[in-house]
Structure formats: structure tokens, C-alpha cells
Amino acid sequence: MKLEQKFKQTLKKIKLNKKEKILVALSGGKDSTVVAYLLKKFGYNIEGFHIDLGMGKYSEKCLGSVKKLCDNLKIKLHLYDIKKEMGSSMCYIRAKVQHEKKGLKNCAICGVIKKWIMNREARKLKVSKIATGHNLDDEVQTFLLNIFKGSPELSANSGAITQNIKNKKFITRIKPLFYVDENDIRSYAKKMKLPVVYEKCPCALDSYRIQVRKFVDSLTTKQKENIIKNFYKLLPKIQKLKPEGNLYYCEKCGEPSRKKICKMCELVKN
Ligand code: SF4
Ligand SMILES: [Zn+2]
């Protein structure tokens, strides 16, 4: 099935409304760029959001691509400069965390911080949903990693739309490329000549994920789709492993959290 059809089908499945305001989390990479391009093409009400992580030349290139895309699509771009807002670049924040919590992977820290920022800013902008560029390969990798690590319950809220999270401060996240193979996204972005940074993030150093990524890369699209089908079959059981979907509020920052102190405040102590 063609990429655009799969994309449309996913939007239908998650019942996305053309009137609601959607914030697209733009990294400058191919996946989120294709998400914004297609949502706009199909008439959805979108605005862009980019976090400038302050990681040297790489971040500069990403910012350049995102600005170009938003100009081309004529959509509003909201920028969050981590150096200005949090006082230092992601590299510095991460190194500080890793000094205290040895063994924590770069992406685990960066991911928690980015999600925290995104939820907070999206709420301020009064959008109804956040769209991200996660693709079939990402989802297969994460599902397998969680199983290999013996924590399948970490996949309990996954899906093309976040599941079972009822909290008025939590902004629903959608993944319109959930069923699309990464190779097809790359070809599509190139064919459409979209402004994309193709080089990998210089800080993506999670050896376990890289190992799983290599394995997933060796699979056919059909095999990847089968893993996701099985994920959905197992989902009801996986969800039973996780306590109720209700979230509370972090005692420090007030953001939605499963514990008294959210993951962000646990990592980054002010
Ligand atoms: S690849 Fe990892 S370190 Fe780089 S931006 Fe993404 S989450 Fe952050
Ligand atoms: Zn907090």
C-alpha cells in the first residue's frame, strides 16, 4: 500500500478532526517533516514546534530545515531554545545527569526532557494533539526492546494514538506514520525534495537500541507489520501489567506524573 494511503488510513482510525489544532513536533529529520507535509496536504490545522537542543552544527542544520519547511508549508513555527529556557544545551544537561546517574543512556534522558517540554508548551498553545514522526521501525524496536528488557508494560500506552491516559494536563500524542516503513518514508521525502537533515543525531549512542535497530533493519516490511499485529493482540494483557491509566501531578513542576515527582524533575534537579 502506498505511503499516503497508509497515512490517511491511520488518521481515519484515530478519528483525527480537520478542525482541531495539531502541533507537529519537528526535529528537522525525515519522519516529522513528512508528517507535517502530509497533514498540511490533506487539509489539517497544524502548527510546527521545534526544540533547539543547542548541539552545535547538527542543531543549526535541523533548525534551518524546520524553518524552511514551515515557510514552504506556510505554517506557524513555535521555537523553544533550550539554552535560553533551561540555561544550557542538551549536551550539558545530559552530562550533568549522567555524572550523578551513571549508565543512563543519552536518548533516555533527552527523550524525557523533550516530552516534558512538548507537553507543557503544547498545553500553553491550547492544541488538542501533538503529532510526532515515529514510524513502524521505531515502534517495532521499542516494543522488542521493552520485551528484551523484561518490561513489556512500558509499551502499554503505545499505539498510533496514546492509550488510556486520562488527565486534563496531558496532551494526547498521535503517530500518523505508525504503520509506515522507515525506508518508504526516506524515499518519499527524497522524491518530494523536502528540506530534511538526513544525518543521524551525533548523540544517539544507545548500544542496545543500535543492536535491535540492526536486527529490525534486516526484516521485511511484512515481518515488521506482523510484529505490530502481535503487539496489538498482546496489548490487553500488557495493559493489565500496568497500574490504572490515571496520572497525578508532580509535586515540583505540576506536570502530569505517575509518581509524586515526575521523571523530568527526578533527572534534572533545579
Ligand atoms: S537521537 Fe537521542 S540524543 Fe539525539 S535528539 Fe533524539 S533522543 Fe536526543
Ligand atoms: Zn516534575
Side-chain angles (χ1 to χ4, degrees), residues 6 9-10 13-14 25 27 29 31-32 94 97-98 101-116 118-119 130-166 170 172-186 200-201 203-247 256-259 262-264 266-267:
K6 273 193 186 170
Q9 241 182 32
T10 307
K13 215 182 252 179
I14 62 177
S27 67
D31 308 299
S32 53
R94 219 175 35 217
V97 172
Q98 282 164 332
K101 296 186 192 263
K102 306 251 181 298
L104 259 188
K105 302 282 191 280
N106 286 355
C107 295
I109 302 168
C110 184
V112 165
I113 297 174
K114 286 196 299 187
K115 270 188 199 165
W116 182 89
M118 228 149 55
N119 193 64
I130 300 170
T132 66
H134 293 87
N135 59 43
L136 180 64
D137 295 58
D138 297 325
E139 297 306 318
V140 171
Q141 280 169 34
T142 306
F143 176 53
L144 292 180
L145 260 171
N146 288 340
I147 288 191
F148 294 160
K149 288 181 176 173
S151 312
E153 71 279 9
L154 295 178
S155 293
N157 303 115
S158 192
I161 184 161
T162 38
Q163 325 220 16
N164 296 325
I165 302 184
K166 296 171 204 93
F170 179 83
T172 302
R173 290 195 288 263
I174 58 167
K175 300 170 179 172
L177 294 173
F178 191 88
Y179 299 97
V180 186
D181 194 298
E182 181 164 24
N183 295 322
D184 296 338
I185 300 170
R186 190 178 299 105
K200 291 244 176 293
C201 166
C203 302
L205 304 169
D206 178 341
S207 52
Y208 201 7
R209 186 175 273 271
I210 291 170
Q211 246 178 302
V212 177
R213 175 190 285 269
K214 276 189 192 153
F215 166 67
V216 175
D217 281 351
S218 72
L219 302 176
T220 62
T221 304
K222 190 87 209 128
Q223 287 169 322
K224 293 178 212 172
E225 285 170 350
N226 281 340
I227 294 177
I228 288 299
K229 263 189 209 155
N230 285 318
F231 159 69
Y232 274 114
K233 271 191 211 159
L234 291 171
L235 194 57
K237 283 194 178 150
I238 292 174
Q239 281 169 343
K240 281 192 188 135
L241 299 171
K242 197 157 185 150
E244 263 308 287
N246 284 339
L247 291 181
S257 171
R258 290 199 188 280
K259 295 188 188 162
C262 76
K263 282 191 202 163
M264 165 75 171
E266 209 181 288
L267 291 177

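Source: prediction; values computed, not measured.
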Output, in order, the C-alpha distance, side-chain angles, deciding distance and verdict of side-chain contact (heavy atoms from CB on, under 4.5 Å) for Glu225 and Thr220. CA-CA 9 Å; Glu225 285 170 350; Thr220 62; over 6 Å; no
Could I get the full list of side chain to side chain donor-acceptor pair (under 3.5 Å) partners for Ser158, not counting sequence neighbours? Glu139
With rounding to the nearest 0.5 Å, note down the distance linking CZ in Arg186 to CG in Asp184. 10.0 Å
The salt bridge (Lys or Arg N to Asp or Glu O under 4.0 Å) partners of Asp137 (sequence neighbours excluded) come to Lys224
Of all heavy-atom pairs linking Tyr179 and Ala160, the shortest is CE1-CB, 4.3 Å
Suppose we screen for side chain to side chain contact (heavy atoms under 4.5 Å, CB included). Which residues come up paired with Asn230, at least two apart in sequence or across chains? Lys233
Please list every donor-acceptor pair under 3.5 Å in which a side-chain atom of residues 101-109 meets a protein atom from a residue at least two apart or in another chain.
unit_1, atom_1, unit_2, atom_2, d
Lys102, NZ, His99, O, 2.6
Asn106, OD1, Gln98, NE2, 2.8
Asn106, ND2, Cys203, O, 2.8

Test of understanding: with side chain to side chain donor-acceptor pair (under 3.5 Å), list the residues that count as partners of Arg213, not counting sequence neighbours. none
Looking at Pro256 and Cys262, what are the two nearest heavy atoms and their distance? O-CB, 4.4 Å
To the nearest 0.5 Å, what is the distance between NZ on Lys229 and NZ on Lys222? 4.0 Å
Partners passing ring pair (Phe, Tyr, Trp, His ring centres under 6.0 Å) against Phe170 (at least two apart in sequence or in another chain): none
Who pairs with Val112 by side chain to side chain contact (heavy atoms under 4.5 Å, CB included), at least two apart in sequence or on another chain? Lys263, Met264, Leu267
Arg94 vs Val97 side-chain heavy atoms within contact, under 4.5 Å: no
Taken to the nearest 0.5 Å, the spacing of Lys115 NZ from Asn119 CG works out to 10.5 Å
For Glu266, give me all partners under salt bridge (Lys or Arg N to Asp or Glu O under 4.0 Å), at least two apart in sequence or on another chain. none
Closest heavy-atom pair, Ile147 versus Pro152, reported as atoms and distance to 0.1 Å, is CG1-CB, 4.4 Å
Cationic tip of Lys149 above Tyr208 ring, under 6.0 Å, 45° of axis: no
In Å, rounded to the nearest 0.5 Å, how long is the span from CD1 of Ile185 to CG of Asp138? 8.0 Å
Salt bridge (Lys or Arg N to Asp or Glu O under 4.0 Å) partners of Lys200, counting only residues at least two apart: none
Indicate yes or no: at least one non-hydrogen side-chain atom of Phe148 is less than 4.5 angstrom from one of Gln211. no
Shortest non-hydrogen contact between Glu153 and Ile238, atoms and distance: CA-CG2, 3.8 Å
Excluding sequence neighbours, so at least two apart, what forms side chain to side chain contact (heavy atoms under 4.5 Å, CB included) with Phe215? Leu144, Ser218, Leu219
Partners meeting side chain to side chain contact (heavy atoms under 4.5 Å, CB included) with Thr132 (sequence neighbours left out): Ala25, Met118, Ile130, His134, Lys175
Name all residues meeting the ring pair (Phe, Tyr, Trp, His ring centres under 6.0 Å) criterion together with Phe231; count only those two or more places apart in sequence or in a different chain, and write none if there are none. Phe143
Looking at Asn146 and Ser155, what are the two nearest heavy atoms and their distance? ND2-OG, 2.9 Å
Any side-chain heavy atom of Val140 sitting closer than 4.5 Å to one from Ile228? yes
Starting at CG of Asp217, measure out to CD of Gln141 and round the result to the nearest 0.5 Å. 7.0 Å
What is the distance from atom CZ of Phe178 to atom CG of Asn135, rounded to the nearest 0.5 Å? 10.5 Å
Smallest heavy-atom separation, Ser27 atom then Ser32 atom, equals N-OG, 3.1 Å
